[in-house]
Amino acid sequence: MTNTNSLLKVLLRSPDTVSSKYQAKQLHAQILKFKPSSSTYLSTLISIYAKFNLLHDSLLLFNTLHSPPILAYKSIIRCYAAHNLLVQSLGCFVQMRASGKCPDHNVFPSVVKSCALLSDLKLGESVHGCIIRLGMDFDLYTGNALLNMYAKFQSLGKSGSQGNGMYKMFDGMSERMFCSEVSGELVHKSEKRIMSMDQNPSLNKARSVSPQINGSSEVIDRFYREIHDSYGEKAERSTTMDSVRKIFEMMPRRDVVSWNTVITGNAQNGMYEEALMMVREMGNADLKPDSFTLSSVLPIFAEYVNVSKGKEIHGYAIRNSFDEDVFIGSGLIDMYAKCSRVEDSLRVFRILPQRDAISWNSIVAGCVQNSLYDEGLRLFWQMVKAKVKPKQVSFSSILPACAQLTKLNLGKQLHGYIIRAGFDNNLFISSSLVDMYTKCGNVKVARRIFDKMEQHDMVSWTAIIMGYALHGHARDAISLFEQMEIRGVRPNYVVFMAVLTACSHAGLVDEAWKYFNSMTQNYGIAPGLEHVTAMADGLGRAGKLDEAYKLISSLDRPVGSVWSTLLAACRVHKNIELAEKVAKEIFEVDPENVGAYILLSNIYAAARRWRDASKLRLFMRDKGIKKTPACSWIEVKNKMHAFTSGDKSHPNYDKVHETLKVLLEKMEQEGYVPDTSEVFHDVEEEQKKQLLYGHSERLAIAFGIISTAAGTTIRVTKNIRVCTDCHTATKFISKIVEREIILRDNNRFHHFKGGNCSCGDYW
DNA sequence: GTAGGGTTAG
């Protein structure tokens, strides 16, 4: 019995030797047997339970103590925080203060962290006050926690009751003097804020833990008013990062964590140069950047699109064996992707020894951002297969891939998952859904999602306005744009592209000019290439070719793509003279512009100038300039079927061919006359018809007709603009087969129904 | 006590 008793003492004197939950329980039994009333023993046991994160056991024991010693409180506070029960953790801290116990330095890091995680600036400042009064601000760990807290508040855009951190509050004022003002009171005034839980509804929950705690909110309010009145003016001029800097400078000792915390704070608040300067300064302080430093710095080079600096970091990481770190891995993947070096992202991803949800998301997002949609989708499924649960970000990364590839079925499946997971109130995801549904041809559903959203930001407005624009619903787009202005949302660069696109697709030239001018006049946004392109497009379609020419010429350095818009208009309005002039401009800045060669040769062909057309073709062949092959695709039963013009490789080709033959007969009965004017080849009429007949969009539509149930909508996507004859043909087809056919080309949507197209033949 | 991934764009 004596032996057991002394063993007990040894164990309790060196609690670190207790190495398992089982041993802790054994120890518990021994205490109950020999020293049931020793609060010292019991609180040591609580600390052991807390060390193993056994919150329940610690609490049961804690509640048996009448006056828990400080060690018991500290253990519970830390254990709550470890379980992310921040309010409870803070509640326990309040209870400890109320019981008159003086906290020691190792409680504060977790208390400060809880304030940071709760984004409760007022509470954090109060805790800071308490720390200063107790002289704990010289503790390294506490100081680091404070740095982190204020840096987080800064990135949340929080400015406190004083407009800045606690140090500012004490700035220029003798700390001692301030404390003596409140001497004689049991606790410092600012601490009363912590004790008064009336103002913080989340803290009221903590009452269940500490029911005996109460405080007067009136006193606290007065306290804050006083502080605010005397320091408010100064406060407005400074930021929370100033407090971070100040704390940092006042720390008697700084370690890598201190440096990293401030560097990260600067990096996340857009103060890139300060962050980079501090990395250099770190060396002077004899501290080497570690994996934390690097992963805070990598996003800066991603933002700066500076791949050579990013590579330097990569090299440093390899030399110091940080390259296998998951954080560095995802940072590198993201950096390379943002620098358009997605191949390097993939390489980094492939050799990562460990992958977590974020590494997966980084690579998926990286692929999608660099237009590798299929690869992005493949990796997304691989991630799911690897049993990594998709998070909210995963969906906002992958939905644009569905949108681009017109994968409506997949998009719907993901939408279902999003709803089940309760992610549908996420602003990023909702905007992606709006975009995905419009790009897959379903504006109505997109609008329903948009209307259901609790709040709209610039991106969601842009997504829906652009959606209407692409479907030719200019009036809806404009009305939404006006609603947005009324709601006080300031239009930006992108949304003007959307509204100008809407006007141009519907031929609303006057409205287009109105918005174009209002950009500079009302919002101070200089029109960019994209806006001029949209304007020129609208003017060109409306036949105002000279006006468009003048507008483009007014640009400093018009690029090929702006001129191409006008060249397309020249084709529609059969203006060869201007077309040649425009083409010359294009070839001067962009001699390899494939689209321009094709357009010009089509223009020559339409004018039956075969010699000029073939001269261009020969020139292209000599130069090795290849035409982008036309391709159309359709999703049937979750599978994509792609067709190129004249393509006979599809397993159902015979049936497709047969269907087209039957359709052609019916179409001709209805009055369809093939428009062969744009077939550039100098061949016989009959052969031209054959060429038209094999156009990729027709193959895809025919396949849609035979492989889907009668009456269902057919959705086809084409990589380049739909040709004039196919447009006419599809109108006939929609009437004959009594189907709605939605054709998306690289420019806009066409909804064919009952022999008509939503674009009103204006495109 | 410190770190990484997201939406709109002819």
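By convention in this document, chain letters (A, B, ...) are assigned in the order of the sequence lines, proteins followed by strands, and residues within each chain are numbered from 1. Heavy-atom basis, side chains included; hydrogens, waters and symmetry copies ignored.
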Between the base of [N] and the side chain of [X], is there a donor-acceptor distance below 3.5 Å?
{"X": "A:Ser431", "N": "B:dT7", "result": "yes"}
{"X": "A:Ser296", "N": "B:dA3", "result": "no"}
{"X": "A:Asp356", "N": "B:dG4", "result": "yes"}

Can you check the [X] [atom1] to [N] [atom2] distance for me, whole Å?
{"X": "A:Ile263", "N": "B:dT2", "atom1": "CD1", "atom2": "P", "answer": "15 Å"}
{"X": "A:Met466", "N": "B:dA9", "atom1": "CE", "atom2": "C1'", "answer": "6 Å"}
{"X": "A:Ile429", "N": "B:dT7", "atom1": "CD1", "atom2": "P", "answer": "11 Å"}
{"X": "A:Phe749", "N": "B:dG10", "atom1": "CZ", "atom2": "P", "answer": "12 Å"}
{"X": "A:Ile464", "N": "B:dT8", "atom1": "CD1", "atom2": "C1'", "answer": "12 Å"}
{"X": "A:Tyr493", "N": "B:dA9", "atom1": "OH", "atom2": "P", "answer": "14 Å"}
{"X": "A:Leu332", "N": "B:dA3", "atom1": "CG", "atom2": "P", "answer": "18 Å"}
{"X": "A:His456", "N": "B:dT8", "atom1": "NE2", "atom2": "P", "answer": "16 Å"}

Determine the contact category for [X]: base if any of its heavy atoms lies under 4.0 Å from a base atom, sugar-phosphate if only primed atoms, P, OP1 or OP2 are that close, otherwise nothing.
{"X": "A:Ser561", "value": "nothing"}
{"X": "A:Ser291", "value": "base"}
{"X": "A:Thr264", "value": "sugar-phosphate"}
{"X": "A:Gln404", "value": "nothing"}
{"X": "A:Asp255", "value": "base"}
{"X": "A:Lys391", "value": "base"}
{"X": "A:Ser397", "value": "sugar-phosphate"}
{"X": "A:Val434", "value": "nothing"}
{"X": "A:Ser396", "value": "base"}

Given [options], which nucleotide is nearest the side-chain atoms of [X]?
{"X": "A:Lys152", "options": "B:dA3, B:dT8, B:dT7", "answer": "B:dA3"}
{"X": "A:Val459", "options": "B:dA3, B:dT2, B:dT7", "answer": "B:dT7"}
{"X": "A:Ser359", "options": "B:dG4, B:dT8, B:dT2", "answer": "B:dG4"}
{"X": "A:Ser330", "options": "B:dA3, B:dG4, B:dT8", "answer": "B:dG4"}
{"X": "A:Ala365", "options": "B:dT2, B:dG6, B:dT7", "answer": "B:dG6"}
{"X": "A:Phe327", "options": "B:dG6, B:dT2, B:dA3", "answer": "B:dA3"}

Does [X] pair with [Y] as a salt bridge, N-O distance under 4.0 Å?
{"X": "A:Asp104", "Y": "A:Lys74", "value": "yes"}
{"X": "A:Asp344", "Y": "A:Arg347", "value": "yes"}
{"X": "A:Lys246", "Y": "A:Glu249", "value": "no"}

Any idea how A:Phe153 and A:Tyr150 line up, ring-wise: parallel (<30°), tilted (30 to 60°), or perpendicular (>60°)?
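Answer is perpendicular, since the angle exceeds 60°.
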Using the six-membered ring wherever Trp is involved, compare the ring planes of A:Phe327 and A:Phe292 and label them parallel, tilted or perpendicular (cut-offs 30° and 60°).
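Taking A:Phe292 first and then A:Phe327, their aromatic rings lie parallel (interplane angle under 30°).
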Output the distance between atom CG (A:Leu118) and atom CG (A:Leu90), rounded to the nearest 0.5 Å.
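CG of A:Leu90 is found 6.0 Å from CG of A:Leu118.
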Determine whether A:Asn260 and A:Asp290 satisfy the following criterion, side-chain hydrogen bond (donor to acceptor under 3.5 Å, both in side chains), listing intermediate values before the conclusion.
CA-CA 9 Å; A:Asn260 286 343; A:Asp290 65 2; 3.0 Å; yes
[X] vs [N]: side-chain N/O to OP1/OP2 distance below 4.0 Å:
{"X": "A:Asn148", "N": "B:dT2", "answer": "yes"}
{"X": "A:Lys338", "N": "B:dG4", "answer": "no"}
{"X": "A:Gln392", "N": "B:dG6", "answer": "no"}
{"X": "A:Lys439", "N": "B:dT7", "answer": "no"}

